Amino acid sequence: MQRNALHVIRSFFMEYNFRDIEQKWQQYWIDNATYKVEVDNNRPKYYVLDMFPYPSGAGLHVGHPLGYIASDIFSRYKRLKGFNVLHPMGYDSYGLPAEQYAIQTGQHPEITTKQNIERYREQMDKIGFSYDWSREVRTCSPDYYKWTQWAFQQMFEHWYCLRADAARPISMLIDIFNEQGNAKVRAAQNETPLFTAEEWKSWDEKRQQEILMNYRIAYLADTKVNFCPKLGCVLANDEVSEGLSVRGGFPVEQCVMRQWSLRVSAYAQRLLDGLDRIDWTESLKETQRNWIGRSEGAEVRFKVKDSDFEFTIFTTRADTMFGVTFMVLAPESELVRCLTTDEQKCAVKDYLEQTKKRTERERITDRQVTGVFSGSYAINPFTGEAVPIWISDYVLAGYGTGAIMAVPAHDSRDYAFAKHFNLPIVPLIEGCDVSKESFDAKEGIVCNSPRQGVTPYCDLSLNGLSVEEAIAATKKYVEAKKLGRVKVNYRLRDAIFSRQRYWGEPFPVYYKDCMPYMIPEECLPLELPEISDFKPTADGNPPLGHAKQWGWNEAEKSLAATADIDNKTIFPLELCTMPGFAGSSAYYLRYMDPHNDKELVSKTANDYWQSVDLYIGGTEHATGHLIYSRFWNKFLFDLDLIVQDEPFQKLINQGMIQGRSNFVYRIIGTNKYVSYNLKNQYETQPIHVNVNIVNNDVLDIEAFRNWMPEYRDAEFVLEDGKYICGWAIEKMSKSMFNVVNPDDIVEKYGADTLRLYEIFLGPLEQSKPWDTNGIDGVHRFLKKLWGLFYAGGNLAVTDAQPTDEELKTLHKTIKKVTHDIESFSFNTAVSAFMICVNELAQQKCAKRAVLEPLLVLLSPFAPHITEELWHAVGNTTSICDAKFPVYDEKFLVESVVKYPISFNGKVRFTLDISATMNKEEIEQTVLANNQTLKFTEGKTPKKVIVVPGKIVNIVL
RNA sequence: GCGGCAUUGGCGUAAUUGGUAGCCGCGCUAGACUUAGGAUCUAGUGACGAAAGUCGUGUAGGUUCGAGUCCUACAUGCCGCACCA
């Protein structure tokens, strides 16, 4: 009772009451539209973007907001520096989890998605972000996905011209075909036979459409895909890892299906080159380079012995032409059919069936050497020798030409194969030993090329050259003699764009005579229809097969009943939907102009905002989203729709926040629990305990008993009257009972404390564990700051002139914090604030001239408390519109420097020396000093090193 | 296997970029105020040592007047790619 009364009186006398303060200013910011931004040509722009979240059912845990807090600090900082800051947020709200949930519960994904978004919003709002919510986008909303569909149609209507190195309209391609056929067209394309203008003109609509399909950037083709039966769905390469789906971890099979794909591979070189012009971490760029997988090499044609047939292989080791002892085809290669002889037909058939049964996962994990001889031989164009052509699954159909020349001496995979099937091995590097393993390194001097004593078959000798020289010489020879060509290969494949799923963007496509046609642009968006059953249809079609209104009336340009599809006036619509990455590929452009119903983004808005200056998000999108959106952006750039060809200038990956789990130790077979330091005296088993009922590793025993029924009668073996828990750093997850909810932290300590603590934990980019135990430190800091303003319950700020000491404290903080924000070292900035407030408290400084700039400096980090104090000292406009203070060097200069004096590198004492002294004066002062004489012991120093302002080292 | 990053007190981390290692915070110890303390304040807190001092930034070398920082090798951990010819 007494305590309550005291509390009331105290808060009346202005204690730091974060709950009231934070609520009050959050409302003020809404009421005053503080965070609304518009194009303003009088101010420089700055665009700060967070990777928008997929709103999952679990809500945010304390790890999620880290990146948002960092971007918010930087946004607020830039605004105080005079920039017009675009800082939007939205939701990546199409995707698998909501649909899986729908299948399990019958709950429509739209409903769960809406609920999850509301929950996310509620949680984010409590943290005090400076988002302009009027610009919110949701990928599942029709006025947004209209532009996803529109972009897809543009990709359908364009092809990739290798001469222009850019996307060009299909209409242009048709003109070329009409005039000269396709012989001179250089395009990123699927395999297409040559044809003349006459042939082209003679073909009917369908045949022409089929040809054009080979050139389109969004194209429909039979593709070898990753199919996940458990998800009932095809997945892109980045959605599969080691033969398992990234989401769910279900097995993935390879099969051929007719699918939409995006010709991302056409952009491979530009995606690679672009990396050199953007400010991303080296590791992320490296990941992208790996994923793009550029390799320079040569394609060489091999004739088949006793046949007119020939085929092409790709190699990066052209220097090893003279060591080829066999050839290998991928089992899926078309060549297998052509090159298998009658005698080998059965054996080959058996082998193909056997490999087909093996899943990709088996092929990866269990690398046994398998293969079969095709019966044919190939003629090495450099030696004239005939070498056997084998078939093996260690060669991939999708890379290069699906066929290789095997050089067992210098390739470990070929080596394993040769050993297994007892094929010859010819070493080509002087002095290399290939009796036990192959010599794969690209170094050494080439020999045996050609072998001594053998009559040369061609006029090329590589003997005596280095590997590097030999590769170059061979490439030159291949080109000159027209044996093949120099070729660059990329690992990056086209992105499969169809998903046999409901909860995604519908394709704005209908089918006439089995060929796809785009529904007219003015009819977009094609809205996702309602369905009641989210599973595939009985005949194996995607869930959209259940839709009642899923036909297209071509003449009336309108939706029609599925039942009325007659393939004359009413045609079937595409049943697949787009994948998750579709909606996230251009959302950063839409934020620039989110309500425009005429264009994805207006020229005016795009000219002003350009591209994202700072992008913050997790590293898990390194090969998916960050490749696709760069591709998407470059495509739109080719069409002259946007002005920048790289979407994200600077990118920072925030580190993962791990969980800190707590354990209790149960004596095996009992309901008795032993405190941490006594556990070794018993046979115990560690059990995860909810971290929210543990404080500083001390278990709240009552809460533990109430946590779960099985612990109601738990007994304890205590130490010093307490139960101490063990701990471990693990992923933050429900099952480990280590999830900490930001709402709880905000409730207990306030949003400003949460914000400060999240970034105080350590460097932004580093993974680090969340440990609520440390949070008191930053909370205390805010209370101390509050205490500078209020003494004895009254506002104590004066207009007195600050002392030099106080100004020094302020200005060194301004200097450090400014530098730290610019270099995204927020944790050290918080530390600088703490030092500053500690010093000001020591100095009993309550002077406006010091405290006001400090508030502005701190406001990006702790916007609520600073806004409150800002108004308390008499300001009437938001602190968001203040000016960021600039430090003045004159307050920082020292008249005396404390020099560490070291002998042979070991510091022995310090000496105060005037800052104006030069090297010689310092040296003399130090050498004359009594303490120095003690350490020199009468010896004459060999050398004295004086670094002005830093250190003195005396070498004896 | 290839590539990238990291390794500092009991814990999270800091170090002006080659110049006094351990700032700031947690935790811990002692004390003050208090009926009380999971409040507040004060002092201490890398290891060994009574002290002087010695040792100390994953390990072993090297460069330097001087190395947590640069170089070489190794170990451990994390991440990416991986039968890509």
Side-chain angles (χ1 to χ4, degrees), chain A residues 2-3 241-242 281-291 293-295 297 313-317 320 328 330 363-364 367 369 392-396 398-407 410-414 416-417 440 489-492 619-620 622-623 653 655-656 660 695-698 700 727 729 756-757 760-763 765-778 780-781 783-784 787 815-816 819 825 827-835 838 898-910 941-947 949-956:
Chain A
Q2 199 183 359
R3 199 181 151 184
S241 174
E242 296 193 1
T281 60
E282 206 39 54
S283 79
L284 185 53
K285 286 186 187 181
E286 205 50 40
T287 299
Q288 293 225 331
R289 288 190 192 108
N290 277 339
W291 192 256
R294 183 184 206 271
S295 73
I313 57 91
F314 174 74
T315 179
T316 54
R317 291 295 302 271
T320 59
V328 188
R363 271 165 74 159
I364 291 165
R367 281 186 197 171
V369 178
S392 173
D393 66 1
Y394 85 86
V395 173
L396 305 176
Y399 187 76
T401 60
I404 61 151
M405 60 178 216
V407 185
H410 303 289
D411 182 291
S412 48
R413 296 152 302 179
D414 298 343
F417 195 85
D440 289 17
N489 253 321
Y490 300 91
R491 201 185 70 98
L492 184 71
T619 179
E620 66 272 16
T623 52
N653 290 126
M656 270 237 285
R660 186 179 186 277
N695 203 318
N696 278 338
D697 294 336
V698 177
D700 180 337
W727 60 273
I729 303 304
L756 283 174
Y757 189 53
F760 183 64
L761 282 173
E765 307 193 57
Q766 191 173 302
S767 287
K768 59 242 164 194
W770 176 273
D771 181 1
T772 308
N773 289 336
I775 202 167
D776 290 318
V778 288
R780 260 197 286 271
F781 156 73
K783 284 202 263 188
K784 256 188 225 170
K815 183 177 181 181
K816 171 121 182 87
H819 176 265
S825 177
N827 54 326
T828 53
V830 175
S831 157
F833 281 124
M834 287 174 168
I835 293 167
N838 286 345
K898 221 179 206 31
Y899 276 91
I901 312 301
S902 56
F903 297 82
N904 291 334
K906 280 195 210 302
V907 175
R908 295 299 179 177
F909 58 92
T910 59
K942 284 192 191 127
K943 202 173 176 185
V944 178
I945 287 131
V946 178
V947 185
K950 289 262 159 87
I951 200 167
V952 177
N953 189 20
I954 297 161
V955 185
L956 296 171

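Chain naming here is simple, since letters A, B, ... match the order of the sequence lines and numbering starts at 1 in each. Quantities reported herein were computed from a predicted structural model and do not represent experimental measurements.
If you find the closest nucleotide of RNA chain B to A:Y757 and to A:S825, the one lying nearer the 5' end belongs to A:S825. Take the nearest nucleotide of RNA chain B for A:Y490 and for A:R660: the residue whose nucleotide is more 5' is A:R660.
Between B:rU40 and B:rA47, the distance separating the two C1' atoms is 33 Å to the nearest Å. A distance of about 14 Å separates the P atoms of B:rG46 and B:rA52, rounded to the whole Å. B:rG25 sits 11 Å from B:rA14 when the C1' atoms are compared, rounded to a whole Å. For the P atoms, the distance linking B:rG22 with B:rG56 amounts to 16 Å, nearest Å. Spacing between B:rU76 and B:rU63 at atom C1', rounded to whole Å, works out to 26 Å. Comparing the P positions of B:rU17 and B:rC33 gives an interatomic distance of 47 Å, to the nearest angstrom. Going from the C1' atom of B:rA73 to that of B:rG66 covers 24 Å, rounded to whole Å.
Considering only side-chain atoms of A:N290, the nucleotide from B:rC83, B:rC81, B:rG12 that sits closest is B:rC81. Checked against B:rG12, B:rC81, B:rG25, the side chain of A:M834 finds its nearest nucleotide in B:rG25. Picking from B:rG19, B:rG12, B:rA85 the nucleotide with the shortest atom distance to the side chain of A:I404 gives B:rA85. Relative to the side chain of A:K783, the nucleotides B:rU40, B:rU20, B:rC55 differ in distance, and B:rU40 lies closest. Comparing atom distances between the A:K784 side chain and each of B:rU20, B:rG12, B:rC41 picks out B:rC41 as nearest. Residue A:T623 has its side chain nearest to B:rC81 when only B:rC81, B:rC24, B:rA85 are considered. Of the candidate nucleotides B:rC24, B:rA85, B:rA82, B:rC24 has the atom lying nearest to any side-chain atom of A:N838. The listed nucleotides are B:rU20, B:rC81, B:rA85; the one nearest the side chain of A:T316 is B:rA85. When distances are taken from the side chain of A:T287 to each of B:rA85, B:rG80, B:rU20, the shortest belongs to B:rG80.
Side-chain contact between A:D697 and A:R660 is present, with at least one heavy-atom pair separated by less than 4.5 Å. Residues A:I901 and A:R908 are not in side-chain contact: their nearest non-hydrogen atoms beyond the backbone lie 4.5 Å or more apart. Residues A:Y399 and A:S295 are in side-chain contact: their nearest non-hydrogen atoms beyond the backbone lie under 4.5 Å apart. The shortest side-chain heavy-atom distance between A:D700 and A:N695 does not fall under the 4.5 Å cut-off. Counting heavy atoms from C-beta on, the side chains of A:N904 and A:K906 never come closer than 4.5 Å. Side-chain contact check for A:M834 versus A:V778: some heavy-atom pair is nearer than 4.5 Å. Residues A:W770 and A:L761 form a side-chain contact, since some pair of their non-hydrogen atoms from C-beta on lies under 4.5 Å apart.
Rounded to an integer number of Å, the gap from CD of A:Q766 to C1' of B:rU8 is 12 Å. In this structure, CG of A:D440 is placed 11 Å from P of B:rA85, rounded to the nearest angstrom. The interatomic distance linking A:W727 (CH2) with B:rG10 (P) rounds to 12 Å, in whole Å. As a whole-Å value, the separation of A:I951 CD1 from B:rU16 P is 14 Å. Atom CD1 of A:I835 and atom P of B:rA15 are 11 Å apart (whole Å). Here the P atom of nucleotide B:rA85 and the CG atom of A:L396 are 10 Å apart, to the nearest Å. Between the CZ atom of A:F781 and the P atom of B:rU40 there is a distance of 15 Å, rounded to whole Å. Going from atom NZ of A:K906 over to atom P of B:rG56 covers 8 Å, rounded to whole Å.
With values rounded to the nearest 0.5 angstrom, A:F417 atom CZ is found 14.0 Å from A:S412 atom OG. Atom NE2 of residue A:H410 and atom CG of residue A:D440 lie 9.0 Å apart, to the nearest 0.5 angstrom. Note that the CG atom of A:N653 and the CD atom of A:E620 stand 8.0 Å from one another [nearest 0.5 Å]. Taking CG of A:L284 as the start and OG1 of A:T623 as the end, the distance is 9.5 Å to the nearest 0.5 Å. Atom CD1 in A:I729 sits 7.0 Å away from atom CG in A:D771 (nearest 0.5 Å).
Every side chain to side chain contact (heavy atoms under 4.5 Å, CB included) that A:N696 has, sequence neighbours left out, goes to A:N773. Partners of A:D411 under the side chain to side chain contact (heavy atoms under 4.5 Å, CB included) rule, at least two apart in sequence or in another chain, are A:R413, A:D414.
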When you compare the protein's N or O atoms with those of nucleotides 4-7 of chain B, which come within less than 3.5 Å of each other, and at what distance?
none

Shorter than 3.5 Å, N or O on both sides, protein versus nucleotides 62-67 of chain B: list them out with atom names.
from, atom 1, to, atom 2, distance (Å)
B:rC65, O2', A:N953, ND2, 3.0
B:rC65, O2, A:N953, ND2, 2.6

Identify each atom pair where a protein N or O and an N or O of nucleotides 26-30 of chain B are less than 3.5 Å apart, giving names and distance.
from, atom 1, to, atom 2, distance (Å)
B:rC26, OP1, A:R780, NE, 3.2
B:rC26, OP1, A:R780, NH2, 2.3

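Contact check, A:R908 against B:rU20: no side-chain N or O comes under 4.0 Å of OP1 or OP2. The shortest distance between the side-chain N/O atoms of A:Y394 and the OP1/OP2 oxygens of B:rA85 is not below 4.0 Å.
Its glycosidic angle being within 90° of 0, B:rU17 falls on the syn side. More than 90° away from 0 lies the glycosidic angle of B:rG44, which makes this nucleotide anti.
When all heavy atoms of A:P900 and A:V907 are compared, the pair lying nearest together is CB-CG1, 4.0 Å.
Within 4.0 Å of A:T910, counting heavy atoms only, lies at least one base atom of the nucleic acid.
A stem is defined here as three or more consecutive Watson-Crick or G-U pairs, each with both distances under 3.5 Å; for RNA chain B these stems are B:1-7 with B:75-81, B:10-12 with B:24-26, B:27-32 with B:40-45, B:46-48 with B:53-55, B:58-62 with B:70-74.
No side-chain donor-acceptor contact under 3.5 Å links A:K943 to the backbone of A:N953. Side chain of A:S902 to main chain of A:V952: a donor-acceptor pair is present (N/O by atom type, distance under 3.5 Å, no hydrogens or angles).
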